[in-house]
Amino acid sequence: MPPPTPNHAILNGLNDAQRRAVTSDAATVAILAGPGSGKTHTLTARVVWLIDHMGIRPEDVIVATFTVKAAREMKERIGKALGNGRENKLILGTFHSVARRYLAAYGRHIGLSQKFGIADAGDSRAIIKRICERLQLAVDPAGALAWISKKKAKGSEAASKSARQQASKVAGLQELETCYREYQKHLETSNLLDYDDLLVSCVDLLRRFPSCVSNIQTVLIDEYQDTNGIQYDLMKLFAQHRLRITTVGDPDQSIYGWRSAEIRNLWKLLREFPETDEISLEENYRSSQSILDLSLQVIKQDQKRYKKILKPTHNKGSRPVLRQLKSASAEADWIVSEIKRVLIMSGTMLTHNDVAILLRSAALSRHIETSLGKAGIPYRMVGGKKFYERPEIRTLVDYLRVIHQPETNDALARILNVPGRGIGDGTIKGLLNEAETSSLSVWAVLSKHCRGDRTAKTKIPKPTEQRLSGGLLRPLNDIRRQIGEASGPNGTPFGLVEMINQLLAKLDFQKHLQKAYPDPEDHAQRWANVQEFLGLAAEFVRDMDRSEEDFLPEIEGLAQTREVEALPRFLANVSLAADAQTKGDGEETQPVVTISTIHAAKGLEWPIVFVPAVYDGSIPHTRADDGDEERRLLYVAMTRAQSLLYLSCPLFSANGNGERNKLSPFVDPVKDSFMKKGPCLDRPVMSEIARILRRKLPPEESIYKGIPAMFSLEDNLFPVDPEEAKQEPKHGFGRGDSRLGEDASRAKRPRLHGPTAGPDNGEEVAWKQYTTTMEQASTFTVAAAALPGFMNVGAHQAAITAANVAAQATQKVEKNKPATNKRPPDQKSIMGFVRTKSGSARLPESPPQPKPNNPAPARSAFGIQPQAAPAQQAIAPDLAGHKLGAGKLMTRPSVPSEEGMVRKQYACFSSSPPRPAAAEDAQHEENSAADPEDDNEPPPEPTRPAACLHLTTSALPKGFGGGLRRPLGLGRENITPIQRLRKPFKPLTMSRP
DNA sequence: CCCACTGTTATTTTT
DNA sequence: TAACAGTGGG
């Protein structure tokens with residue numbers, strides 16, 4: 001079978017390390033990728049490579065990501081590179097959604113009912129709560145839930161540890177276990193799986209029926225540092241037949257420890273598969289050098305951290321800002337003023353789309369939303385409350401769940417009295433208990449009662465019974481009947497949308513909302529949400545018809561259940577937060593500022609990033625128990641920024657009685673490295689920004705023309721030292737009265753221009769609440785659609801150069817190189833740390849040996865001979881000659897996309913392709929002078945040479961760096977990447993057998 | 001037993 | 001500031 005047209009173009013935007021990662025023939029490949037190093041890009045390219053070059057069928061590839069957004073993003077980008085809609089055949093999604101897919105198809109082999117439902121967080125909470133109440137358990141329901149979840153998430157790793165942990169946690173253990181048991185029992189009887197169970201059951205399935213995945217050729221895992229124990233198991237099980245696994249991750253960006261993510265999975269993988277090809281991506285294509293420097297200052301406070309390198313490829317840029325403000329609302333106002341200032345000073349180069357405000361917790365958004373609203377700046381909030389968690393949507397979903405599965409007691413219990421039917425808490429509890437004891441579902445109890453077959457023990461007054469029967473049982477039965485009728489052989493299926501519409505009509509839902517939310521604004525908004533929900537359903541149905549997604553390839557000899565109905569799939573989709581892509585084409589062109597939680601911002605980038613509330617208690621969150629993880633969180637936030645980074649901190653806590661905030665301990669030690677106020681945005685500064693972003697700065701005159709009268713060109717509307725300026729009685733007010741205090745402070749602060757000024761109140765309503773719609777939330781990724789393909793011309797250029805150089809390098813190397821993709825004997829792995837056990841945690845002695853980067857294996861692990869790469873790529877000559885001058889503004893060349901239209905250059909996602917190293921020498925000098933961390937560090941103690949630090953640089957024969965423009969990624973050769981690596985990571989505790 | 005009202009409290013991050 | 005528990009009137 002000849003492989004389909006090899007798509008070598010995919011290699012073009014890649015630097016050397018990336019290319020090696022993409023084309024590695026090793027069975028297991030571990031890619032260590034710092035922020036902005038083109039991680040997603042690389043993984044995407046590898047998928048394409050494996051399919052187009054290695055001839056693997058898309059349906060035999062599993063790509064698992066950690067978040068929904070990452071999955072969507074990945075799919076979109078793979079789709080673009082792969083073409084023909086082949087990305088739809090990939091088994092691609094979050095771990096949870098992939099697991100669900102397998103369970104839906106094969107679940108019955110392990111005794112799972114055809115139509116299991118998914119218990120979301122709310123369900124789980126309610127169930128546990130009821131159990132605790134019923135059994136009089138003294139445990140805290142939330143804690144119990146967390147405990148159970150942890151237990152499930154541990155996976156096979158649990159065995160070794162559990163003994164010790166159990167000993168330490170004797171208190172309440174008994175009760176916890178009881179709770180666990182009861183909880184599982186409840187889930188089972190109501191035919192539900194919770195999030196963790198999806199994984200647990202899938203592990204069970206694949207252990208017992210390995211043939212389910214017998215077709216799987218290769219498995220790729222994104223954000224590997226965030227996988228937990230059970231996901232590790234799952235990964236191996238997915239790959240159990242060929243054991244070809246590619247992982248991408250960055251320990252510094254591990255921010256999901258609270259969800260039992262195990263950074264140690266990285267080492268575990270390497271230990272288990274010693275042949276793993278370790279590759280690290282070190283060039284950062286995202287941020288200015290000073291942003292990287294400071295981020296590094298922060299992250300390196302973690303002594304236990306595994307040190308990696310991050311090589312800036314951009315110029316210095318302006319120093320990040322750390323601003324102290326008086327209060328949270330002053331902070332918000334200041335952010336607004338800075339946004340305005342920067343955008344105006346950029347002429348038209350920057351828009352609201354280029355700005356993100358990243359928060360530790362969603363709740364911090366309030367002041368900011370208010371200020372943005374006042375200033376008339378459009379924004380969208382990402383993360384935080386989910387669309388489907390809004391009460392009105394939740395209710396509808398619960399109705400749908402009950403329609404689908406009448407025995408879902410928990411959902412039924414929630415809608416029993418919505419709209420109001422005169423049934424109170426007592427009755428509901430009574431019914432639930434009755435159902436439990438009589439092993440009937442609540443639905444059955446009610447049905448029988450109303451039909452008169454069996455009288456419920458719970459007292460139900462006659463009128464209530466009528467309402468129940470007429471308003472709940474009958475309508476739902478009607479709808480259910482229509483589903484049954486219509487899915488007959490000839491009928492068009494009863495549409496999901498039609499179903500919801502009928503439901504709305506039968507419940508008189510709009511009236512219900514009007515009654516339940518008397519405020520007209522409020523209920524109108526909620527009704528709008530309902531409409532949006534409808535739109536979402538419509539979208540879902542359309543998508544479903546169009547793509548084969550969700551189906552697994554047929555496996556011979558193994559019966560599969562095909563989920564053909566819309567309803568169950570829609571429900572699963574809702575539970576797994578896999579919000580459908582609402583529109584996105586054409587509409588929503590208005591640029592908006594993004595407010596996001598830091599967690600939700602992972603993997604994204606913006607030219608301008610604000611990180612407010614960097615005070616102790618917020619960024620190491622009071623309730624967080626892993627300070628290092630909080631630090632990493634800050635690191636993630638900071639490294640989202642491309643050219644301007646602002647941290648800020650209100651001096652006094654907003655809600656408390658004038659409590660003073662302490663600057664975050666992560667920031668405090670390096671606070672002097674920040675500027676105290678926003679940079680002067682004069683021409684040179686703006687040019688630097690333009691250069692980093694590869695955009696064109698409008699001419700000076702046109703910028704100045706756009707500046708309104710009396711506009712402040714400096715960041716001087718707020719005192720740099722709020723200490724001096726505060727003498728308001730603000731903190732004397734009781735906390736109910738904070739409004740007074742705020743108004744007072746507003747009056748005092750210098751006025752902003754534009755719609756900001758003026759007395760408030762009255763306008764406040766509009767943006768107060770529910771500004772986030774599902775549509776907005778789900779179009780969050782839309783900017784990515786505007787990405788240029790995988791490369792621009794500069795990248796082409798670099799790639800060609802690189803290809804030539806690499807080709808020559810490889811030739812030389814090949815001779816004395818063993819023809820495997822194993823690490824050469826002179827190299828040690830990141831595993832060196834693990835193997836060197838011993839408490840003193842010292843490093844292996846052997847001196848670092850550079851490793852040629854491109855071993856060309858004679859025998860591929862895939863058993864397919866890679867084709868020789870074509871010597872040249874076709875590229876338009878006029879484009880290929882494009883050069884970047886050191887002093888000149890960079891104009892990013894327009895790359896015609898497939899449709900022949902020129903794409904916008906803004907990219908929300910980290911896809912910036914490598915740029916040719918042009919001004920690098922000049923920049924380099926700056927570097928070494930200004931960067932204490934960097935090159936001038938005294939030679940480190942002997943370090944283990946890391947395979948993971950493939951020595952791109954030294955692989956390059958001397959002389960190639962010189963006259964020739966260095967291809968990207970063949971960076972500054974005087975850094976030995978190894979030098980930075982002296983870090984015993986914690987897993988020294990992990991001893992080898 | 002239900003419902004409306006009032007005072008209290010606790011506030012992460014996501015599948 | 002929102003969700004929640006407790007209280008008093010139907």
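So you know, we letter chains A, B, ... as the sequences are listed, proteins then strands, and number each from 1.
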Contacts of A:R130 that satisfy salt bridge (charged side-chain N to carboxylate O under 4.0 Å, His left out) - sequence neighbours left out
A:E436

Distances under 3.5 Å only, N/O to N/O: pair up the protein atoms with those of nucleotides 3-5 of chain B.
none

Report the residues that fulfil side-chain hydrogen bond (donor to acceptor under 3.5 Å, both in side chains) with A:N228, sequence neighbours left out, ordered by chain and then residue number.
none

Please give, in whole Å, the distance from B:dT11 C1' to A:N661 CG?
15 Å

Interatomic distance where NZ belongs to A:K602 and C1' belongs to B:dT14 [whole Å]
11 Å

Checking A:T639 now: which residues fulfil side-chain contact (heavy atoms from CB on, under 4.5 Å) with it, not counting sequence neighbours?
A:P35, A:S295, A:Y635

Atom pairs and distances, donor-acceptor, side-chain atoms in residues 461-468 of chain A, under 3.5 Å, two or more places apart:
unit_1: A:K462; atom_1: NZ; unit_2: A:E465; atom_2: OE1; d: 3.4
unit_1: A:E465; atom_1: OE1; unit_2: A:H449; atom_2: NE2; d: 3.3

Applying a 4.0 Å non-hydrogen cut-off, can you work out what A:F66 is touching in the nucleic acid: base, sugar-phosphate, or nothing?
sugar-phosphate

Do any side-chain nitrogens or oxygens of A:K129 fall under 4.0 Å of OP1 or OP2 in C:dA5?
yes

Strictly by salt bridge (charged side-chain N to carboxylate O under 4.0 Å, His left out), give each pair with a member in residues 417-433 of chain A just once, sequence neighbours left out.
A:E133-A:K429

Are OP1 or OP2 of B:dT11 and a side-chain N or O of A:R623 less than 4.0 angstrom apart?
yes

Mind checking the P distance from B:dT13 to C:dC4? Whole angstroms is fine.
16 Å

Taking B:dT13, B:dT12, C:dA5 as options, the one with an atom nearest any side-chain atom of A:H621 is B:dT12

Counting only side-chain N and O atoms of A:T597, is one of them less than 4.0 Å from OP1 or OP2 of B:dT14?
yes

Using a heavy-atom cut-off of under 4.0 Å over every strand shown, decide if A:T67 touches base, sugar-phosphate, or nothing.
sugar-phosphate

May I ask you to say what A:K152 touches in the nucleic acid, namely base, sugar-phosphate or nothing, with a heavy-atom cut-off under 4.0 Å?
nothing

Rounded distance in Å - CZ (A:R125) to C1' (C:dC4)
12 Å

If you check every side-chain atom of A:A600, which of B:dT15, C:dT1, B:dT14 has the closest atom?
B:dT14

A:R394 to A:Y388 six-membered ring, cation-pi geometry met (6.0 Å, 45°):
no

Is the A:F95 to A:F66 ring centre distance short of 6.0 Å?
no

Shortest side-chain distance from A:T94, nucleotide among B:dT14, C:dA5, B:dT15
B:dT15

Residue met sooner reading DNA chain B from 5', once A:I428 and A:R360 are mapped to nucleotides
A:I428

Nearest-neighbour nucleotide for the A:Y256 side chain, B:dT12, C:dT1, B:dT14 considered
B:dT14

Taken to the nearest whole Å, CE/A:M381 to C1'/B:dT14 is 13 Å

